[in-house]
Amino acid sequence: MRNSNAIKQMGIYIGLWFIITAISTAIVIAGVGMGGLIPIGLQRYTPAIINYRIFPGAGLFIIILGLIVWFIGTKFAFMWSIEKYSESSWDIEVLKNDVMYVMEDKLSEMRQDLIEVGSKKE
């Protein structure tokens, strides 16, 4: 695979990661805006104007939802970019031939070592 293809796939992954992180951050900020930190005892980290919101339970749910979206989204972006990278870069037959060549080479080395060890004992 050419380096330009690898850099392109890396750029796509980083772009997807930033988009998913921005969306998740917006969801978490919306949850904080609804007073989502109040139910877990973090009133002093909540701005004073938000301390009197009427939906702290829903805000906490939205914060958790934002974290879940971030976690699943980033894993999806990683798996998607790896899948696209592997589709464009690996040929199964070439890979199989390379593995078989290395295995045959190692087996012949082992066979040669066994012959040498057997000849030294006699």
Close side-chain approach of Trp80 and Ile12, heavy atoms under 4.5 Å: yes
Pairing residues for Phe78 by the side-chain contact (heavy atoms from CB on, under 4.5 Å) criterion, not counting sequence neighbours: Tyr13, Ile82
Check: Asn97 and Met100 side chains under 4.5 Å, non-hydrogen atoms: no
Cluster check Phe18, Met10: I/L/V/M/F/W/Y, side chain < 4.5 angstrom: yes
Co-members of Ile29 in a cluster of I, L, V, M, F, W and Y side chains, linked at under 4.5 Å: none
Side-chain touch Lys106/Glu109, heavy atoms, less than 4.5 angstrom: yes
Under the side-chain hydrogen bond (donor to acceptor under 3.5 Å, both in side chains) test, residues paired with Thr74 that sit two or more places apart: none
From CZ (Phe61) to CD1 (Ile68), nearest 0.5 Å: 7.5 Å
Co-membership, hydrophobic cluster, residues Met79 and Phe71, 4.5 Å side-chain: yes
Beyond-backbone contact of Leu37 with Ile63, side-chain heavy atoms, under 4.5 angstrom: yes
Least distance between heavy atoms, Ala58 atom then Met34 atom: CB-CE, 3.8 Å
Minimum heavy-atom distance Thr25-Thr21, with the two atoms named: OG1-O, 2.7 Å
From Ser24 atom OG to Ile19 atom CD1, the distance as rounded to the nearest 0.5 Å: 11.5 Å
Val69 to Ile20 - nearest heavy-atom pair and separation: O-CG2, 4.1 Å
Rounded distance (nearest 0.5 Å) linking atom CD1 of Ile62 with atom CD1 of Ile27: 9.0 Å
